[in-house]
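Take a look at the structure set out below.
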Amino acid sequence: MNTIPYGKTSKQLVLVLSFILYAFLTTAHGQESWRTDFDETCARTTDAMSLSNNELKVLIAKCDQLQTIIEKQEETVRKVFLKRLQMCKNLYVYVLESKSASEKTPK
Amino acid sequence: MKKISCVLLFLLIGASITWAAGTKKRKLPPYEFGSVTINNYSQQSGMPPVVFDHWIHRQYYTCRLCHVDVGFGMSAGATKIRAADNIKGYFCGTCHNGRTTHNKKAVFDSCAKEYSREAYNSRCVKCHEIEKSTLKEDQFFKFAQNLPKERFGNGINWEKAESEGLIKPIDQLEGVSINKAKLKIQPDFALKSKVEGMPEIIFSHKKHTVWNGCELCHPEIFMGIKRGATKYTMIELFEGKYCGVCHDKVAFPQSDCQRCHTKAVQ
């Protein structure tokens with residue numbers, strides 16, 4: 001007869017379960033947080049012209065960070081959000097260039 | 001005297017440009033203007049091609065909502081929409097999911113892997129159009145009859161329809177759109193034509209931004225960082241560049257010269 005070391009298994013079980021729970025929570029949270037980051041980062045396309053050059057540079061850097069995260073998502077999310085991110089980042093770059101150019105040539 | 005010669009010049013150039021660029025294009029009936037056929041994958045998997053009508057959708061939603069927030073590209077087929085994307089709730093499936101409501105009715109669902117013959121006939125073929133439906137034509141004329149008229153395009157003056165409150169396109173979709181900072185508009189300006197005597201163009205940055213959002217135009221369509229530095233030619237516009245990305249395909253067409261060349265020559 002094999003006696004099952006009950007105590008040990010249940011400890012392992014708890015460990016495994018909590019690991020699964022942890023993994024689940026972090027991925028769920030991870031998803032949430034990049035979406036929130038995306039929303040925050042791209043919320044300024046409506047008033048981009050009133051941002052300072054520095055603020056624009058920070059936003060552009062955040063877009064680059066987000067890109068590496070979004071590239072790891074599943075196919076459809078990647079397709080949709082890389083496009084949205086690209087439009088938002090490119091506008092910030094455009095506005096930065098436009099503002100820098102007009103600063104250089106005094107009217 | 002000066003005025004007359006300007007008008008003559010305008011007409012002459014107009015005639016030659018329309019002749020040069022317009023011969024390829026046929027004039028569409030008003031209900032087909034702004035219709036897009038999407039067929040990257042349908043036919044190859046045994047489904048009829050998809051027909052998307054702008055007139056049906058732009059009465060309810062702004063261009064910005066679909067082309068910025070939902071992420072549709074600005075030329076036919078560019079988005080590479082897959083049935084799987086729609087099923088997951090993106091692209092057409094953002095709204096066509098059998099759950100989102102519109103006028104208190106659920107908007108019909110989009111693609112599916114498994115479906116009955118009945119579902120095929122009642123649902124799939126609404127988008128995967130087997131043949132042109134006369135029902136849609138009738139719906140168009142019923143819809144258009146109460147709206148301000150225009151000579152070209154859909155035969156509808158969409159701008160007026162909106163400013164008179166006859167249509168109220170929504171700009172935000174819960175869970176899809178971002179809560180953006182308050183819109184800060186760019187000044188409107190006049191574009192001087194490089195041909196002496198052509199009426200100037202008044203371009204409303206304000207109106208266009210409300211409809212489209214800055215990021216739809218900059219830098220994808222307009223990359224010039226200094227206003228007036230790039231000279232656009234009418235030929236380029238007719239080829240579908242710059243203003244021609246929208247005007248001719250969905251917004252009023254370029255045959256309507258005076259709607260853009262409005263400002264009298266000084």
Side-chain angles (χ1 to χ4, degrees), chain A residues 28 31-53 55-56 58-60 62-63 66-67 70-71 73-107, chain B residues 40 64-74 78-94 110-111 171-172 174-187 205-206 209-210 212-230:
Chain A
Q31 245 175 32
E32 286 263 289
S33 78
W34 77 255
R35 212 21 240 280
T36 316
D37 277 355
F38 171 81
D39 282 10
E40 273 166 16
T41 308
C42 292
R44 304 302 298 273
T45 56
T46 34
D47 68 343
M49 289 302 283
S50 58
L51 300 173
S52 71
N53 287 4
E55 286 173 309
L56 286 163
V58 170
L59 287 172
I60 293 165
K62 274 202 188 143
C63 285
L66 271 165
Q67 184 170 339
I70 295 173
E71 271 164 359
Q73 306 301 315
E74 64 93 14
E75 205 184 335
T76 302
V77 172
R78 208 162 60 220
K79 183 156 62 175
V80 173
F81 282 92
L82 282 181
K83 164 133 215 269
R84 293 181 65 176
L85 184 74
Q86 188 193 29
M87 271 192 280
C88 141
K89 176 186 160 183
N90 290 352
L91 179 75
Y92 292 145
V93 173
Y94 169 82
V95 169
L96 182 63
E97 277 172 14
S98 163
K99 290 177 76 121
S100 316
S102 63
E103 274 159 24
K104 269 184 221 128
T105 48
K107 284 181 212 148
Chain B
N40 290 314
R64 201 206 63 80
L65 176 65
C66 279
H67 287 287
V68 175
D69 293 351
V70 177
F72 287 123
M74 289 297 282
T79 321
K80 303 269 183 317
I81 306 162
R82 304 295 317 231
D85 301 335
N86 287 335
I87 293 170
K88 281 182 238 166
Y90 292 92
F91 299 127
C92 315
T94 309
S110 52
C111 315
D171 191 47
Q172 294 279 318
E174 174 109 29
V176 178
S177 305
I178 301 175
N179 266 327
K180 298 236 182 197
K182 193 170 177 302
L183 184 64
K184 192 171 169 291
I185 48 152
Q186 282 291 106
H205 238 141
K206 178 175 179 214
T209 301
V210 172
N212 302 297
C214 316
E215 59 266 62
L216 195 59
C217 283
H218 297 298
E220 186 72 26
I221 303 175
F222 299 100
M223 26 200 268
I225 50 170
K226 225 168 156 238
R227 191 168 61 212
T230 320

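Chain letters run A, B, ... following the sequence lines, proteins first and then strands; every chain starts at 1. Quick note: numbers below take in every heavy atom, side chains included, and nothing from hydrogens, waters or symmetry partners.
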- Are there residues of residues 92-99 of chain A that reach to under 4.5 Å of chain B by heavy atoms, and which ones? A/Y94, A/E97, A/S98
- Hits for side chain to side chain contact (heavy atoms under 4.5 Å, CB included) against B/A181, two or more places apart or cross-chain, chain-then-number order -> A/R44, A/T46, A/D47
Contact summary for [X] and [Y], nearest pair of heavy atoms:
X      : Y      : result
A/A101 : B/I225 : CB-CD1, 3.6 Å
A/K83  : B/H67  : NZ-O, 4.4 Å
A/T76  : B/D85  : OG1-OD1, 2.6 Å

- Task: Output yes when a side-chain donor or acceptor of A/K79 lies under 3.5 Å from a complementary backbone atom of B/K80, and no otherwise.
- Result: yes
- Message: Please rank B/G224, B/A84, B/P219 by heavy-atom pairs under 4.5 Å with chain A and give me the top one.
- Response: B/P219
- Item | Interatomic spacing from CE in A/M49 to NZ in B/K184 - rounded to 0.5 Å | 6.5 Å
- Item | Spatial distance of atom OG1 (A/T45) from atom NZ (B/K180) [nearest 0.5 Å] | 2.5 Å
- Just jot down the disulfide bond (SG atoms under 2.5 Å apart) partners of A/C42, sequence neighbours excluded, or say none. A/C88
- Query: Which of these, B/V68, B/V70, B/D69, sits in a side chain to side chain contact (heavy atoms under 4.5 Å, CB included) with A/R84?
  - Reply: B/D69
- Task: Apply ring pair (Phe, Tyr, Trp, His ring centres under 6.0 Å) to B/F72 and list each qualifying residue two or more places apart in sequence or on a separate chain.
- Result: B/F91
- Message: Does this structure show an ion pair linking A/E75 with B/R82, if we count only N-O contacts that are shorter than 4.0 Å?
- Response: no
- Is it the backbone or the side chain of B/V176 that comes under 4.5 Å from a heavy atom of chain A, or both, or neither? both
- Item | Interface moiety of B/T79 toward chain A, non-hydrogen atoms closer than 4.5 Å | backbone
